[in-house]
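Computed from a predicted structure; not experimentally measured. In what follows, chains are A, B, ... by sequence order, proteins preceding strands, each numbered from 1.
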Number of protein chains: 2
Amino acid sequence: MTDQLSSGDRSAACDELFKTLSDGTRRALLEYLVKEGEQSVHALTAISAVSQPMVSRHLGKLKRARLVTARRAGRETYYSARVKGLAPVVQWMAIYGALWSQRFTALEELAEPA
Amino acid sequence: MTDQLSSGDRSAACDELFKTLSDGTRRALLEYLVKEGEQSVHALTAISAVSQPMVSRHLGKLKRARLVTARRAGRETYYSARVKGLAPVVQWMAIYGALWSQRFTALEELAEPA
DNA sequence: TCCATTCATAACAACATGGTTATGACTTTG
DNA sequence: CAAAGTCATAACCATGTTGTTATGAATGGA
C-alpha cells in the first residue's frame, strides 16, 4: 500500500490516456467524433491531414485507450467517441483538490478566447 | 485560415502539455510539488525512482510546459508547481461542452475508487 | 584554499513513435 | 465472376524519448 508516488495501476491508465491525447491528429479525430457523431474511417481520413493507414492506427490507439468504440457495418467501420474514457484523467486532476473545484471557473475564464 | 481541425496554436500548447503529462515520473513529481510545496532537486530525486540527471531533465520539461517554476537559491534549485499551466488542457476539455459541465459529477463518481 | 554538495549538460544506448507506401482481407456492386 | 471500395496490417525510415554514466560549473563550508 505504499503507493506514495507510483500508484502503479491508475497511473498506467493515465499514462496511456495522456500519451494518446498528446497527439494533435488524434485529438482532432476525437473532437470530430464528439462534435459530429459516429463516422467511418473513410470520412475521418477525408478530414485528416494524414494517410488512411495512419488514421486507422490513430483510431486503434484511441480505441485501446478506450476513448472511442468501433462498430463494423459491411465494409465500413464506424467509430464513436467514448467520453467516459476520460474519467481517469479527471480523477488525476483531483490531485489539485480544492484548486480544481474552486478555481475551475477562474481557469475557465482564463481559458476563454475573448 | 482553413484550420477546420488543426487549430494550429492552442493545439500546440495541448500537444506539449499532454505529452509532458504522459510520463508517470513527471506526473509524480508534479503531484509531489502540489502536495508538499516547493522542493529542491535533491529532495525530488530522493522520492523518484530515477537518477538525478533524469529528474533534472523531467523538471526541465515540466518547466518548458509551464507546469512548474524554478527558483535558484545558492547551489540549490527549488521547483514549485504552477497550476495555471493546466489551463489549455481544461480549455480543451471544453470540446465536450455540456458533457463536461453537466456530467462532471457523474465522471467524478465514476472515478471514485469505492 | 580545498573539498564536498548540488545541479545541469553531454554522450550514448535502447526503444517507441509518427509518417510513408505496399499489400491483403473482406464487402458491395456491376 | 470480376472490379472497385473500405479498412487494417506489414515493412520500413526518420526522429524523438527515456534511461544511463561521466563530467563540468557553481556554491558552501572546513
Nearest-Å distance for atom pair [atom1]/[atom2], residues [X] and [N]:
X: Leu29(B); N: dC7(C); atom1: CG; atom2: C1'; answer: 15 Å
X: Tyr78(A); N: dT27(C); atom1: OH; atom2: P; answer: 15 Å
X: Arg71(B); N: dC7(C); atom1: CZ; atom2: C1'; answer: 15 Å
X: Leu59(A); N: dT6(D); atom1: CG; atom2: P; answer: 16 Å
X: Arg64(B); N: dA8(C); atom1: CZ; atom2: C1'; answer: 14 Å
X: Gln39(A); N: dT6(D); atom1: CD; atom2: C1'; answer: 15 Å

If the cut-off is 4.0 Å, is Tyr79(A) near the phosphate of dT6(D), judged by side-chain N/O to OP1 or OP2?
no
Cluster overlap Leu29(B) with Met54(B), hydrophobic side-chain contacts below 4.5 Å
yes
For Watson-Crick and G-U wobble pairs within 3.5 Å on both distances, what is DNA chain D written in dot-bracket notation, | included for inter-strand pairing?
||||||||||||||||||||||||||||||
Checking Glu36(B) now: which residues fulfil side chain to side chain donor-acceptor pair (under 3.5 Å) with it, not counting sequence neighbours?
none
Run the side chain to side chain donor-acceptor pair (under 3.5 Å) test against Asp15(B) and tell me which residues pass, sequence neighbours left out.
Arg27(A)
Spell out protein contact along nucleotides 17-26 of chain D as letters: B when the base is contacted, S when just the sugar-phosphate is, - when no protein heavy atom is under 4.0 Å; keep the 5' to 3' order.
SBBBBB----
Describe, in one word, how the ring planes of Phe18(B) and Phe18(A) are oriented to each other, choosing from parallel (under 30°), tilted (30 to 60°) and perpendicular (over 60°).
tilted
I need the Cys14(A) SG to Asp23(B) CG distance, nearest 0.5 Å.
12.5 Å
Atom pair OG/CD of Ser80(A) and Gln39(A) - distance to nearest 0.5 Å
9.0 Å
Ignoring hydrogens and angles, write down the donor-acceptor pairs under 3.5 Å from the side chains of residues 55-73 of chain B, residues two or more places apart or on other chains.
unit_1, atom_1, unit_2, atom_2, d
Ser56(B), OG, Gln52(B), NE2, 3.2
His58(B), ND1, Arg26(B), NH1, 3.1
Arg71(B), NE, Glu38(B), OE2, 2.7
Arg71(B), NH2, Glu38(B), OE1, 3.0
Arg71(B), NH2, Glu38(B), OE2, 3.4

Close side-chain approach of Leu21(B) and Leu21(A), heavy atoms under 4.5 Å:
no
Taking only the side-chain heavy atoms of Ser56(A) (C-beta and beyond), determine which of dA8(D), dT6(D), dT9(C) contains the nearest atom.
dA8(D)
Using a heavy-atom cut-off of 4.0 Å across all strands, would you classify Thr45(B) as base, sugar-phosphate, or nothing?
nothing
Residues at least two apart in sequence or cross-chain that pass side chain to side chain contact (heavy atoms under 4.5 Å, CB included) with Ala49(A), listed by chain then number, are none
